[in-house]
Amino acid sequence: MKLITSLTSPYGRKVRVVLLEKKIPFHLQVENPWSSDTPVPSFNPLGKVPVLVLEDGISVFDSRVIVEYLDHVSPVAHLIPSEPKIRMMVRGVEALADGVTDAAVAANLERKRAPEQRSSEWMTLQEKTLFRGLEALSEALGEKPWFLGNSNSMTLADVACGCTLGYLDLRFPEIDWRTAHPNLARLAEKLASRASFMETVPVV
Ligand code: GSF
């Protein structure tokens with residue numbers, strides 16, 4: 001299978017970490033979805049990365065659909081628990097982490113616009129969402145080693161949160177989330193020592 005993504009996409013990183021953790025071989029096709037000649041729309045009508053292209057040519061998006069598929073397709077290192085309530089909680093943390101990423105991506109795009117086109121109201125809205133989301137992630141983790149309290153193993157919740165925090169470090173190094181949320185800092189440090197996270201550090 002082939003994964004189409006950019007090397008800075010936090011959603012693409014989530015999928016790459018899952019592929020690596022589950023030891024699923026894949027070919028990486030690096031694309032910039034914002035370049036004028038990007039081939040991404042021919043794989044995903046929404047024009048967004050990541051897209052997973054299966055051997056039979058089927059294109060899978062977005063990242064949440066991709067990771068769901070990958071976790072089913074290989075029994076190695078399950079990242080999405082099967083028990084309904086725990087599964088819902090894991091996917092809920094993933095949605096929260098992705099939502100923080102969405103706000104950060106939107107704020108980053110807004111910053112790139114010409115000063116006279118920028119909206120400070122829009123920027124403030126995204127920042128508020130971002131900080132509220134971080135607060136909620138920190139609360140959900142508490143003092144547990146991983147989001148999923150009654151287990152000793154990493155799940156998709158931890159992976160998604162780690163990718164969000166990595167994206168904040170990349171685009172918003174001025175946000176000192178480590179001081180505000182030491183528990184998220186501990187989680188990020190633990191994740192950073194895994195080969196899957198080391199291999200997928202965003203490259204600008
Ligand atoms: C978000 C993908 C996305 O926004 C997912 O896969 O989880 N909900 C989707 N990708 C961005 C790149 S990035 O910021 O990671 C993208 O491809 N944007 C291109 C565009 O035209 O919006």
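First listed ligand is number 1; within each ligand, the first listed atom is number 1. Quantities reported herein were computed from a predicted structural model and do not represent experimental measurements.
Salt-bridge formation is detected for the pair Glu21/Arg194: a Lys NZ or Arg NE/NH1/NH2 atom is positioned less than 4.0 Å from an Asp or Glu carboxylate oxygen. Taking the charged nitrogens against the carboxylate oxygens, Glu94 and Arg91 do have a contact shorter than 4.0 Å, which makes a salt bridge. Between Asp71 and Arg87 there is no salt bridge, since no side-chain nitrogen of the basic residue lies less than 4.0 Å from a carboxylate oxygen of the acidic one.
Gln29 approaches Pro39 most closely through the heavy-atom pair NE2-CG, 4.4 Å.
Listed by chain and number, residues touching ligand 1 at under 4.0 Å (heavy atoms only) are Ser9, Pro10, Tyr11, Pro33, Trp34, Gly47, Lys48, Val49, Pro50, Asp62, Ser63, Val105.
Asp176 and Thr179 are linked by a side-chain donor-acceptor pair at a separation below 3.5 angstrom, with hydrogens and angles left out of the test.
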For Leu79 and Val67, run side-chain contact (heavy atoms from CB on, under 4.5 Å): C-alpha distance rounded to whole Å, both residues' side-chain angles, the deciding distance at 0.1 Å, then the answer.
CA-CA 9 Å; Leu79 293 166; Val67 295; over 6 Å; no

